[in-house]
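Shown next, in structure tokens, is the structure this report addresses.
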Number of protein chains: 2
Amino acid sequence: MPDSHRDSGRINRRDLIIETATRLFSEQGYTATSVRQIAELVGCTEAALYYHFKDGKRALLQAVLECEMPKLTSIINGSENATSLQAAMKSIAMQMDVVGPERMAKMRWILGEFHRLSDEEKALFHESHLRMHHIIAQVLRPFVDSDEYASRLAWIFFAAGFGYGLLFWNLEMQDVANFSLHEFMETLIPLLVSRQPTP
Amino acid sequence: MPDSHRDSGRINRRDLIIETATRLFSEQGYTATSVRQIAELVGCTEAALYYHFKDGKRALLQAVLECEMPKLTSIINGSENATSLQAAMKSIAMQMDVVGPERMAKMRWILGEFHRLSDEEKALFHESHLRMHHIIAQVLRPFVDSDEYASRLAWIFFAAGFGYGLLFWNLEMQDVANFSLHEFMETLIPLLVSRQPTP
DNA sequence: GTCTATATTCGGATAGAC
DNA sequence: GTCTATCCGAATATAGAC
């Protein structure tokens, strides 16, 4: 990977292309987005785009997938020093609200495109989500009896938050049902902290 | 809508087209699927397809969306006469396992395509999911103190199951993490039944 | 209802000049 | 690195014969 330096305050063209492609793929889907359209929005020609991504559209997809997968874990900021299970979960839930529509759009897109990705591309997400789960489990660990239970609780919390986001933000259920993320978490978290390992 | 009768055991061609389109849209996405390909699989020409759907591909999408939205609620079969909150949830969870990859694939596809649908098309799903939530809430209602709490619990249960399905089946986390739907529910349900309205 | 044939537009991709 | 010009295949859609 070549150094992606900035020249005089503007990000270089290659990065701009990736950025633009990410937006368009997320909004329209991979196949529905044409190289032509990306080039237009970037402000260059298709030929220029093929200079940066020799293998064409597919290489661009690759780059988009590899890019900005990192800060998924930033969701946990500040949760490390929570003093109770309840506080830890609340802290994570707060961060979830900040994820915002931008990242959610990309998530939604990948969800739809996932089964068509190659094994290597899939592995990227598996790794990223496992890391995410692992960090949540670590944050919860001090307040439960076993690693095993921390892991389960982390999956449940992850899945519930994920499901809420998709139902209410992605499928726009918020337009027809009154249940804010805050209310959701206010109801869920007390339930999740109510018990230790299997009764 | 004209009568979709069968002629001598075979479903009529219009229905066959919808069925085929549903499969292809789910697998490849709307834009990635060509009218040509649908016609080939159906075993007719594009022209024949345009006879059945005068407004072309978009009309086909419409038909696919309107079709088979019903039996979402069949998930609740047998849960009506549960004798405890725990039993009711378990019963619903069991049915979820039966939904199978076919419906899940369509769900996944719609999730990705949703934000590009028209308001009328979106309304179809809002209605369907609200009905789903409402039925779950009704099943849970006898075992909790208020309609309000039944509603919240139903959303949580819905979102958690939804999130599990997408994470483990759709994003194929089952390949890299050991957490079966059974284990998930075995852990979640006891937590959800542990308390009544806000403490 | 279904076909053949065709119009037309748009897609990804490349060659070669600058 | 970026452009102009171009190739070619595939897409949606329609006309008109049977």
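FYI, side chains are in, hydrogens and waters are out, and symmetry mates aren't considered; it's all heavy atoms of this structure. So you know, we letter chains A, B, ... as the sequences are listed, proteins then strands, and number each from 1.
- Between dA10(D), dG11(C), dT2(C), one nucleotide has an atom nearer to the side chain of Arg36(B) than all others, and that is dA10(D).
- Contact between the side-chain N/O atoms of Thr45(A) and the OP1/OP2 oxygens of dC3(D) is found at a separation under 4.0 Å.
- Of the N and O atoms on the side chains of Ser118(B) and Glu120(B), at least one donor lies less than 3.5 Å from an acceptor on the other residue.
- Classified by interplanar angle (parallel below 30°, tilted 30° to 60°, perpendicular above 60°), the ring pair Phe125(B)/His129(B) is tilted.
- The side-chain tip of Lys57(A) points at the ring of Tyr30(A) from less than 6.0 angstrom away and within 45° of straight on.
- Across the protein-nucleic acid pair, Tyr50(A) atom OH and dG11(C) atom C1' stand 9 Å apart, rounded to whole Å.
- Taking atom CG of Asp15(B) as the reference point, atom C1' of dG1(C) lies 15 Å away to the nearest angstrom.
- The aromatic rings of Tyr164(A) and Phe184(A) are tilted relative to each other, their planes meeting at an angle between 30° and 60°.
- Distance CD (Glu40(B)) to P (dA10(D)): 11 Å, rounded to an integer number of Å.
- Rounded to whole Å, the distance from CD on Glu46(B) to P on dA15(D) is 15 Å.
- The residue Thr33(A) sits close only to the backbone: its heavy atoms come under 4.0 Å of sugar-phosphate atoms, none of a base.
- Rounded to whole Å, the distance from CD on Gln37(B) to P on dG11(C) is 19 Å.
- Whole-Å rounding puts the Phe53(B) CZ to dT12(D) P distance at 15 Å.
- Distances shown here put every side-chain N or O of Tyr51(A) at or beyond 4.0 Å from the OP1 or OP2 atom of dT2(D).
- Distance Lys54(B) NZ to dT2(C) P: 11 Å, rounded to the nearest Å.
- Taking atom CZ on Arg58(B) and atom P on dA13(D), their separation rounds to 11 Å, with Å as the unit.
- In terms of the side chain to side chain donor-acceptor pair (under 3.5 Å) criterion, residue partners of Glu172(A) (sequence neighbours excluded) are, by chain and number, Lys122(B).
- Within the 4.0 angstrom heavy-atom criterion, only backbone atoms of the sugar-phosphate kind lie near Ser34(A); the bases stay farther away.
- Where Val35(B) and Cys44(A) meet DNA chain D, the nucleotide closest to each residue was compared, and Cys44(A) sits on the side nearer the 5' end.
- Sequence order on DNA chain C of the closest nucleotides to Ala47(A) and Ala32(A) puts Ala32(A) first from the 5' end.
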